[in-house]
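Notes follow once the structure below has been shown.
Both counts, for ligands and for their atoms, begin at 1 and track the order of listing. All values below come from the heavy atoms of this structure, side chains included, with hydrogens, waters and symmetry mates left out.
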Amino acid sequence: MMFSLLSVLLLVMQSALYSSQQFSQLTPNVLVVEKELQNSAEVPLLCGEAYEGKDISWRREGTTLPKRGNRITVTVLEMMGGNYTCHDSAGTVLSHQLVLVQMKGGQEQRRILGKMKDTDHIKCLSRNYSGIFRCSWQWSPNRHGSVVHVSAKRSSGTGNITCSVDEDGLGITCIDQFQCTYAEEQNDINLAVHVRHLYRLEEYRIKFSIAQIVKPDKVTIVPASDSTFDLQYPKTWSEPDSYFPLTFHFKVMNRKKSKDCDYKSDRVQENFTRNQTITVQNRREFRLCVRARDDLCSSSWSEWSQYERKSEENKN
Ligand SMILES: *[C@@H]1O[C@H](CO)[C@@H](O)[C@H](O)[C@H]1NC(C)=O
Ligand SMILES: *[C@@H]1O[C@H](CO)[C@@H](O)[C@H](O)[C@H]1NC(C)=O
Ligand SMILES: *[C@@H]1O[C@H](CO)[C@@H](O)[C@H](O)[C@H]1NC(C)=O
Ligand SMILES: *[C@@H]1O[C@H](CO)[C@@H](O)[C@H](O)[C@H]1NC(C)=O
Ligand SMILES: *[C@@H]1O[C@H](CO)[C@@H](O)[C@H](O)[C@H]1NC(C)=O
């Protein structure tokens, strides 16, 4: 009894020791060490299966290491990862491994991305149901990072989502090749973004459906006569309108009192789901504001579109 308890304890201790440093290959050239900040980690590096038995030298960020051979072990202290290159006897680069450090249980310790207004660290939007969406983020002050890896998958495993990182590194544009515009979405999209600052790696995840992140472009206001206006669906919204109805809100406000469309107005806001001609009566000056959102789910409103009418004497 005593004995088995002891061996269980030993096993637990061993696995705790073992798991205090974990390695994973995030991409063919990026090796991730998951560890506590204060612990050091022994990280095994391999130059390449093809170089077994060859005389291989190693450099970290250009500085030659004393160890040689196809397989070496390097010590990673605190956050000191590095870009390790291996070379043949002529000094030619054979391959490289970027070693990055991810803090253990680091959800609360993440600091590369900043929190965004009314959302977490990543904000995703889509203009329609075509399967194309954009996600964006911002760096924390003094931590201009870079994107290491992006993965986007439907939770069912179906779908084929490919993403490309924007040039400024502050967002991605993705397309789900298998997204069927007319089918109901059965599964959420799981997005994982790995970013780094120096050798520190952090992972950010977000889960959503296209229906949740859809935000129509601005409504088009077309003046039809002096007092009537045609309100039209945004050109980029999914078609047909009957299948993808939008709810419109509009308000007609005193032009001088209201600086812009965000001005609080207690005037009736009506809603309708078709192109509409509206009439503004008995007003020489006014501000007409219109916005729209998906009629079938409470996703984001579009930005307001506005039309401003000034009276003759105020025109210049
Ligand atoms: C690491 O070094 C290799 C070889 O010099 C280079 O191609 C690669 O861009 C470097 N990676 C980083 C992140 O600096
Ligand atoms: C996923 O889409 C990419 C880009 O269009 C394509 O190259 C790849 O073959 C697709 N994969 C599958 C499983 O359809
Ligand atoms: C849907 O939005 C994407 C980009 O957000 C755009 O390229 C595409 O043309 C839009 N679809 C329609 C029907 O306009
Ligand atoms: C549309 O307007 C009616 C009447 O003002 C209101 O009861 C209803 O909640 C509105 N619907 C939406 C989706 O805003
Ligand atoms: C709304 O107006 C646009 C632009 O004139 C047109 O393309 C679209 O078919 C109209 N939709 C409906 C439901 O009338």
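Residue pairs satisfying the ring-ring contact (aromatic ring centres under 6.0 Å, His included) criterion with at least one member in residues 144-172, sequence neighbours excluded, are listed as follows: Trp139-His144. Screening residues 56-87 for ring-ring contact (aromatic ring centres under 6.0 Å, His included), with sequence neighbours left out, gives no hits.
Side-chain contact, Asp230 with Thr277: a donor N or O sits under 3.5 Å from an acceptor N or O. Side-chain contact of Ser130 with Asn128: a donor-acceptor pair under 3.5 Å is present, judged by distance alone.
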Go through the steps to decide whether Cys174 and Cys135 satisfy the test disulfide (SG to SG under 2.5 Å), and finish with yes or no. CA-CA 8 Å; Cys174 302; Cys135 299; 5.6 Å; no

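Considering both main-chain and side-chain atoms, Ser238 never comes within under 3.5 Å of ligand 3 through any nitrogen or oxygen pair.
By the ring-ring contact (aromatic ring centres under 6.0 Å, His included) test, Tyr51 is found to be paired with no residue, residues two or more places apart in sequence or in another chain being considered.
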For ligand 1, which of its N or O atoms have a protein N or O partner closer than 3.5 Å, and how long is each gap?
| residue | atom | partner | partner atom | Å |
| --- | --- | --- | --- | --- |
| ligand 1 | 2 (O) | Asn83 | ND2 | 2.4 |
| ligand 1 | 11 (N) | Asn83 | ND2 | 2.8 |
| ligand 1 | 14 (O) | Asn83 | ND2 | 3.3 |

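Listed by number with element, the atoms of ligand 3 under 4.0 Å from a non-hydrogen atom of Ser130 are 1 (C). Here is the list of ligand 3 atoms found below 4.0 Å of a heavy atom in Asn128: 1 (C), 2 (O), 3 (C), 8 (C), 10 (C), 11 (N), 12 (C).
Under a 4.0 Å N-O distance rule, the pair Asp260/Arg287 does not qualify as a salt bridge.
In the hydrophobic clustering of ILVMFWY residues, with side-chain heavy atoms under 4.5 Å counting as a link, Ile161 and Phe208 come out together.
Residue contacts with ligand 3, taken as heavy atom pairs separated by less than 4.0 Å, involve Lys235 solely via the backbone atoms N, CA, C and O.
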